[in-house]
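Here is the structure we will look at.
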Amino acid sequence: MAAPGYPSPPAGYVSPPYPSPPYPGPSAPPAPTPGFHDYPGSPQHHMSAPLHPQPDLPPGVAPYLPVSSGTALSGLEYLSQIDQILIHQKTEALEAVTGFETCNQYELLSIVGQRIFSVQERSSLCARCCCGSLRPLNLQVCDPSGREVIHFIRPLKCTSCCFPCCLQELEVQSPPGHTVGYVAQSWHPFVPKYSLLTETREPVLKVVGPCIMSSCCGDIDFQVKPLCESRSVGRISKHWGGLTKEIFTDADNFGIQFPKDIDVKMKAVLLGACFLLDYVFFERSRAKPERHTVIS
């Protein structure tokens with residue numbers, strides 16, 4: 001029967017198939033695909049589910065991963081929206097021809113090749129000539145408008161496993177003058193390990209590299225892991241740049257993958273870890289080749 005005030009449908013007319021109660025609720029969103037995205041052209045690597053699911057943590061216990069609070073620091077808004085970033089080191093013509101060490105310059109790109117930030121090294125001529133890849137330096141990360149959003153400070157430290165009290169370290173500031181975290185090398189006789197620390201020096205994540213590193217015709221991966229090192233949650237990859245570029249220059253290309261919802265401070269610290277790895281293992285001169293292990 002038609003509702004009051006509305007005429008009945010004519011004979012032979014089929015009424016629309018209106019749903020009858022109870023009405024179905026909205027469909028649930030599709031489950032996210034496990035793992036992290038890979039770079040264009042590379043095979044997909046999906047992480048399997050953890051063997052031991054993490055139980056609900058009691059109050060006062062730090063979470064398994066630093067989850068984003070939803071509010072990004074000024075200048076880091078773009079990092080809060082991405083889970084991959086590419087780092088391209090510019091080739092210095094003077095350094096390639098003469099072997100004279102100059103200040104490094106980098107470009108930070110999105111996965112589609114859009115320039116996000118530019119990075120400029122600030123170091124003295126004496127430090128570059130006398131200390132080489134161990135030189136103390138500052139790195140200024142600027143957005144396309146020229147505003148400095150991140151500042152890295154690397155003091156003069158050792159790299160040998162024979163001196164565990166004076167290992168590599170890098171301070172991360174954003175905005176400049178406000179410390180948000182540190183990258184500190186952890187002592188190990190064979191495997192390169194670095195801890196990602198908060199501004200209060202509390203460890204959050206680890207970066208673990210291979211025992212032997214060789215960039216001959218292949219990428220080198222440093223895995224980003226939780227403190228227990230049970231699984232990989234991201235990685236820093238040093239990309240193979242081609243035979244000519246690898247032989248005649250020390251300009252490197254890197255890629256960083258991290259969980260999209262990780263705290264933006266840790267994304268900035270992970271970015272600093274990539275630069276520290278570049279200087280420690282892949283920065284070279286005519287008098288000093290690349291390092292292939294923690295010892296050499």
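Side-chain contact between T179 and E171: present, with at least one pair of heavy atoms (C-beta onward) separated by less than 4.5 Å. Residues K225 and R231 fail the side-chain proximity criterion, which asks for heavy atoms closer than 4.5 Å. Side-chain atoms of L125 and C129, non-hydrogen and from C-beta on, do get closer than 4.5 Å to each other. By the 4.5 Å heavy-atom criterion applied to side chains, P226 and V233 are counted as neighbours. Residues E199 and H178 have side chains not in contact (no heavy-atom distance under 4.5 Å, counting atoms from C-beta outward). Counting heavy atoms from C-beta outward, S123 and P136 have side chains that stay 4.5 Å or more apart.
Between the side chain of K193 and the backbone N or O of V208, no donor-acceptor pair lies under 3.5 Å.
Scored by the salt bridge (Lys or Arg N to Asp or Glu O under 4.0 Å) test, R122 finds no partners at all (sequence neighbours excluded). Scanning for ring pair (Phe, Tyr, Trp, His ring centres under 6.0 Å) contacts around F152 gives F275, with sequence neighbours left out.
Among all heavy-atom pairs drawn from S174 and I150, the shortest one is OG-CG1, 4.2 Å. Smallest separation of non-hydrogen atoms from L277 and F282: O-CD1, 3.6 Å. Minimum heavy-atom separation, L86 to S110: CD1-O, 3.7 Å. Closest approach of E148 to C142, counting heavy atoms only: CA-SG, 3.9 Å. Considering every non-hydrogen atom in both P210 and I220, the closest pair reads CG-CG2, 4.0 Å. A pairwise comparison of heavy atoms in C131 and L156 identifies SG-CD1, 4.2 Å as the closest pair.
Side-chain contact, S118 with Q105: no donor N or O sits under 3.5 Å from an acceptor N or O. S232 and Q223 are linked by a side-chain donor-acceptor pair at a separation below 3.5 angstrom, with hydrogens and angles left out of the test. Y279 and E121 share a donor-acceptor pair across their side chains, judged by distance under 3.5 Å alone.
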Checklist entry - Passes side-chain contact (heavy atoms from CB on, under 4.5 Å), V183 versus S195? Steps please. => result CA-CA 6 Å; V183 182; S195 297; over 6 Å; no
Checklist entry - Checking side-chain contact (heavy atoms from CB on, under 4.5 Å) for the pair M266/V204: CA distance, chi angles, key distance, verdict? => result CA-CA 8 Å; M266 279 298 108; V204 176; 4.0 Å; yes
Checklist entry - After noting the C-alpha distance and the side-chain angles of D143 and Y78, does the key distance pass the side-chain hydrogen bond (donor to acceptor under 3.5 Å, both in side chains) rule? => result CA-CA 10 Å; D143 61 15; Y78 189 85; over 6 Å; no
Checklist entry - Going through the distances and angles, do D221 and S237 end up as a side-chain hydrogen bond (donor to acceptor under 3.5 Å, both in side chains)? => result CA-CA 4 Å; D221 293 333; S237 300; 2.7 Å; yes
Item to check | side-chain contact (heavy atoms from CB on, under 4.5 Å) assessment of Y182 paired with V269 | outcome: CA-CA 6 Å; Y182 298 88; V269 175; over 6 Å; no
Item to check | Steps toward side-chain hydrogen bond (donor to acceptor under 3.5 Å, both in side chains) verdict (Q120, N104) | outcome: CA-CA 6 Å; Q120 175 67 52; N104 290 352; over 6 Å; no
Item to check | S80 and L76: CA distance, side-chain angles, deciding distance, side-chain contact (heavy atoms from CB on, under 4.5 Å) verdict | outcome: CA-CA 7 Å; S80 64; L76 297 182; over 6 Å; no
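Using a 4.0 Å cut-off between a side-chain N of Lys or Arg and a carboxylate O of Asp or Glu, R154 and E169 do not qualify as a salt bridge.
From I82, atom CD1 reaches atom CD of Q257 across 11.5 Å, with rounding to the nearest 0.5 Å. Here the straight-line distance linking atom CD of Q185 with atom CH2 of W187 works out to 11.0 Å at 0.5 Å rounding. Interatomic distance, I236 CD1 to F258 CZ, rounded to the nearest 0.5 Å: 9.5 Å. Note that the CG atom of L134 and the NZ atom of K157 stand 12.5 Å from one another [nearest 0.5 Å]. Put simply, CD on Q173 and CG on N138 are 8.5 Å apart, with the number rounded to the nearest 0.5 Å. To the nearest 0.5 Å, atoms CD1 (I85) and CG (L108) are separated by 4.0 Å.
Neither V119 nor I153 shares a network with the other; the hydrophobic side chains, linked directly or stepwise wherever heavy atoms of I, L, V, M, F, W or Y lie under 4.5 Å apart, form separate groups for each. No single ILVMFWY cluster, assembled from side-chain heavy atoms under 4.5 Å apart, contains both L197 and V172.
Among D278, N253, L271, L109, the single residue meeting the side chain to side chain contact (heavy atoms under 4.5 Å, CB included) criterion with I87 is L271.
Relative orientation of the F281 and F222 rings is tilted, given thresholds of 30° and 60° on the angle between their planes.
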